[in-house]
Colleague: 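Handing you this structure, nothing more for now.
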2 protein chains.
Amino acid sequence: MESPVPHEPPIYRRIADRLRDAILSGDLRDGDRLPGENALMSEYGIARATARQALAVLINEGLAVPKRGSGVYVRRFRPIRRHGSRRLSREQWGAGRAIWDSDTSGRPYTVDDLSITREPAADEAARVLDCEEVWVRRRRYSVDGRPVQIAASHFPALLVSDTPIVVPDTGPGGVYARLRDLGHAPAHFTEEVRARMPTPEESAKLDLPAGTPVIVVCRAAYAAGGTAVELNKMIMDAASYVLQYDFDA
Amino acid sequence: MESPVPHEPPIYRRIADRLRDAILSGDLRDGDRLPGENALMSEYGIARATARQALAVLINEGLAVPKRGSGVYVRRFRPIRRHGSRRLSREQWGAGRAIWDSDTSGRPYTVDDLSITREPAADEAARVLDCEEVWVRRRRYSVDGRPVQIAASHFPALLVSDTPIVVPDTGPGGVYARLRDLGHAPAHFTEEVRARMPTPEESAKLDLPAGTPVIVVCRAAYAAGGTAVELNKMIMDAASYVLQYDFDA
DNA sequence: AAGTGGTCTAGACCACAAT
DNA sequence: TTGTGGTCTAGACCACTTG
């Protein structure tokens with residue numbers, strides 16, 4: 001028997017490991033350029049495909065972003081903080097210390113691609129809203145000109161047809177204020193949170209580099225009687241968000 | 001000038017698109033085998049590397065899992081539901097309808113790799129717990145023999161030294177009951193949720209296939225006076241979890 | 001033993017960015 | 001114009017799984 005030598009990782013892995021260490025240790029900082037394919041080929045005496053493979057590791061880990069014709073760069077991470085329940089939020093707890101740094105500066109959202117359509121209710125919407133026809137408000141949010149979230153709010157058609165909810169400008173307070181006007185003020189929310197890799201469509205709409213997951217938040221709003229009045233499905237660039245939830249014991 | 005023909009996607013993308021459609025439409029189901037490299041080579045008349053590239057797309061999207069020496073298979077997705085605040089939870093709201101299907105069956109966790117150490121507090125722990133030395137309980141949770149989460153609970157050293165919190169078996173009610181015994185019952189929680197691609201270390205500990213993000217939950221527990229008494233950092237296999245949060249308007 | 005995915009070489013042509 | 005990443009071919013050897 002051969003002596004059971006522990007397997008060395010393949011070359012491309014070792015190169016990726018070195019580069020990752022440089023990024024995580026701070027040797028390479030946000031926006032810095034990584035050694036390119038040619039540099040790696042000559043430095044390590046490897047073929048083109050192998051150098052690409054090493055860089056692909058970091059790209060798929062979300063640590064680096066390739067720019068065509070230019071180079072591969074260390075990725076930036078500046079998340080937005082999104083509060084689940086503001087009422088219980090950290091102002092009175094923990095002396096305002098956040099766990100992760102984030103952009104608290106309240107930079108303004110812009111909305112584009114707003115569309116309002118009436119459709120047959122699909123899967124989740126049909127089950128939660130318990131109806132067959134829905135009005136859907138779809139929109140995309142951007143911060144600093146970069147898209148960060150796409151959202152689709154579903155309302156039972158019977159509830160909102162011919163109301164301000166199905167026109168572009170819902171007025172002060174937004175759709176929740178209008179639901180209140182209709183006697184269906186949301187009293188309770190439940191949010192379900194998942195994370196996964198984006199579909200190509202989501203990737204395009206959010207302009208995501210490879211290696212970026214999306215956070216999927218599905219929020220149902222219930223009126224006081226327990227009827228579901230809204231189902232909002234949000235797809236967020238995971239590199240752009242920190243979600244915060246507060247609750248009492 | 002040439003007529004501006006819209007670019008066709010490269011071959012490997014088109015193949016990946018076809019396979020993705022087959023998966024999402026249900027033609028290929030959970031656990032089914034995808035056409036392998038050789039099959040794609042002969043079917044499309046392409047080189048090995050190109051076939052690999054097509055499969056790599058699906059693998060990095062988390063839709064497929066490669067098995068060495070065997071084939072590439074459609075990935076299974078059966079998440080566990082984790083409740084943020086049980087008290088407000090869906091029992092009384094929405095007639096118990098969950099938005100996403102999930103394993104409600106309460107399958108038991110098993111814990112392995114439990115370790116309890118005293119360490120200097122690092123970055124987040126130092127800031128939130130406002131101390132320089134912490135006790136850390138690290139453990140890994142598995143369900144059905146598959147690891148799904150690693151967690152590290154941090155406690156201020158001054159608070160918990162020589163208490164049942166720093167021994168393996170914390171007794172009925174766990175660490176929160178013991179904190180209560182010490183007069184530091186948690187009264188408020190705040191959780192911060194992020195998603196990102198795993199580090200190689202996390203990938204190894206959770207045995208993650210490529211294309212699987214992790215959900216990172218950082219939970220701080222505060223006693224009635226507002227002092228932080230615990231910081232728990234959890235790394236979860238994103239394909240294994242749905243997080244649920246309930247709150248009132 | 002045959003088939004599969006994992007790694008790697010040595011070329012090629014292209015589109016795009018920087019200069 | 002030069003260098004960069006993006007795509008692709010045509011081979012090769014290996015480790016592993018399955019029959």
Side-chain angles (χ1 to χ4, degrees), chain A residues 1-19 31-60 63-75 200 203-204 207-211, chain B residues 1-19 31-60 63-75 200 203-204 207-211:
Chain A
M1 294 289 285
E2 294 288 338
S3 74
V5 176
H7 267 345
E8 278 204 343
I11 303 178
Y12 81 94
R13 285 251 155 231
R14 293 205 301 264
I15 298 174
D17 289 346
R18 277 196 51 179
L19 293 173
D32 279 359
R33 205 189 151 187
L34 271 66
E37 298 174 358
N38 294 336
L40 294 178
M41 287 169 69
S42 56
E43 183 178 354
Y44 292 93
I46 56 177
R48 182 102 194 280
T50 308
R52 279 184 73 74
Q53 212 175 356
L55 292 169
V57 170
L58 300 174
I59 291 167
N60 282 325
L63 292 175
V65 178
K67 290 203 185 300
R68 233 215 298 258
S70 170
V72 180
Y73 298 85
V74 178
R75 172 142 192 198
S203 204
D207 193 24
L208 298 175
Chain B
M1 296 288 283
E2 293 289 336
S3 74
V5 176
H7 267 346
E8 277 204 345
I11 303 178
Y12 81 95
R13 284 253 156 229
R14 292 205 302 265
I15 297 174
D17 290 346
R18 278 196 51 180
L19 293 173
D32 278 359
R33 206 189 149 188
L34 271 66
E37 298 174 359
N38 295 336
L40 294 177
M41 287 169 70
S42 56
E43 182 179 355
Y44 292 94
I46 56 177
R48 181 100 195 281
T50 308
R52 278 184 73 74
Q53 213 175 355
L55 292 170
V57 170
L58 301 174
I59 291 167
N60 281 324
L63 292 174
V65 178
K67 288 201 188 298
R68 235 217 296 255
S70 171
V72 180
Y73 298 85
V74 178
R75 172 144 192 194
S203 205
D207 193 25
L208 298 175

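Per chain, numbering begins at 1; letters A, B, ... match sequence-line order.
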Colleague: Please collect all salt bridge (charged side-chain N to carboxylate O under 4.0 Å, His left out) contacts where either partner lies in residues 34-46 of chain A, sequence neighbours excluded, each pair once.
Modeller: A:Glu37-A:Arg48, A:Glu37-A:Arg52

Colleague: Please enumerate all residues that pass side-chain contact (heavy atoms from CB on, under 4.5 Å) together with A:Ala210, with sequence neighbours excluded.
Modeller: A:Ile59, A:Asn60

Colleague: Report the residue (A:Gly71 or A:Ala49) whose heavy-atom-nearest nucleotide on DNA chain D is the more 5′ of the two.
Modeller: A:Gly71

Colleague: Quick test: give all pairs of protein nitrogen or oxygen and nucleotides 12-14 of chain C nitrogen or oxygen below 3.5 Å, distance rounded to 0.1 Å.
Modeller:
unit_1 : atom_1 : unit_2  : atom_2 : d
C:dA12 : N6     : A:Arg48 : NH1    : 3.1

Colleague: What pairs with A:Ser42 under side-chain contact (heavy atoms from CB on, under 4.5 Å), at least two apart in sequence or on another chain?
Modeller: none

Colleague: The criterion is side-chain hydrogen bond (donor to acceptor under 3.5 Å, both in side chains); which residues satisfy it with B:Asp17, sequence neighbours excluded?
Modeller: B:Arg20

Colleague: Taking the side chain of A:Arg52 as its heavy atoms from C-beta onward, which of D:dG6, C:dC8, C:dG5 lies nearest to it?
Modeller: D:dG6

Colleague: Can you list the residues that meet the side-chain hydrogen bond (donor to acceptor under 3.5 Å, both in side chains) rule with B:Tyr12, with sequence neighbours excluded?
Modeller: none

Colleague: Restricting to side-chain contact (heavy atoms from CB on, under 4.5 Å), what partner residues turn up for A:Val74, sequence neighbours left out?
Modeller: A:Ile23, A:Leu28, A:Asp30, A:Asp32, A:Leu34

Colleague: For a quick test of reading the model, state the closest non-hydrogen atom pair linking A:Pro35 to A:Leu19 and the distance between them.
Modeller: CG-CD2, 3.7 Å

Colleague: Taking atom C1' of D:dG3 as reference, at what distance in whole Å does atom OH of A:Tyr73 sit?
Modeller: 11 Å

Colleague: Take the protein atom CD1 of A:Ile15 and the nucleotide atom C1' of C:dC8, then report the distance between them rounded to whole Å.
Modeller: 12 Å

Colleague: Among residues 33-41 of chain A, which ones have heavy-atom contacts with DNA chain D below 4.0 Å?
Modeller: A:Arg33, A:Gly36, A:Glu37, A:Asn38

Colleague: Who passes side-chain contact (heavy atoms from CB on, under 4.5 Å) against B:Tyr44, sequence neighbours left out?
Modeller: B:Ile15, B:Arg18, B:Leu40, B:Ile46

Colleague: D:dC8, OP1 or OP2 - any side-chain N/O from B:Tyr12 closer than 4.0 Å?
Modeller: no

Colleague: Could you tell me how far apart B:Tyr44 (OH) and D:dT7 (C1') are, to the nearest whole angstrom?
Modeller: 17 Å

Colleague: Take the protein atom CD1 of A:Ile59 and the nucleotide atom C1' of D:dG6, then report the distance between them rounded to whole Å.
Modeller: 11 Å

Colleague: Can you give me the N/O atom pairs linking the protein to nucleotides 17-19 of chain C at distances under 3.5 Å, or say none if there are none?
Modeller:
unit_1 : atom_1 : unit_2  : atom_2 : d
C:dA17 : O4'    : A:Gly69 : O      : 3.2

Colleague: Compare the minimum distances between each of C:dA10, D:dG5, C:dG5 and the side chain of B:Pro66, then state the nucleotide with the smallest one.
Modeller: C:dG5

Colleague: Looking for any heavy atom pair under 4.0 Å, which part of the strands does B:Leu55 touch: base, sugar-phosphate only, or nothing?
Modeller: nothing

Colleague: For a quick test of reading the model, state the closest non-hydrogen atom pair linking A:Ala16 to A:Leu58 and the distance between them.
Modeller: O-CD2, 3.7 Å

Colleague: Salt bridge (Lys or Arg N to Asp or Glu O under 4.0 Å) with A:Arg14: which residues, sequence neighbours excluded?
Modeller: A:Glu8

Colleague: Taking all non-hydrogen atoms of both residues, which atom of B:Met41 and which atom of B:Ala51 are closest, and how far apart?
Modeller: CG-CB, 4.1 Å

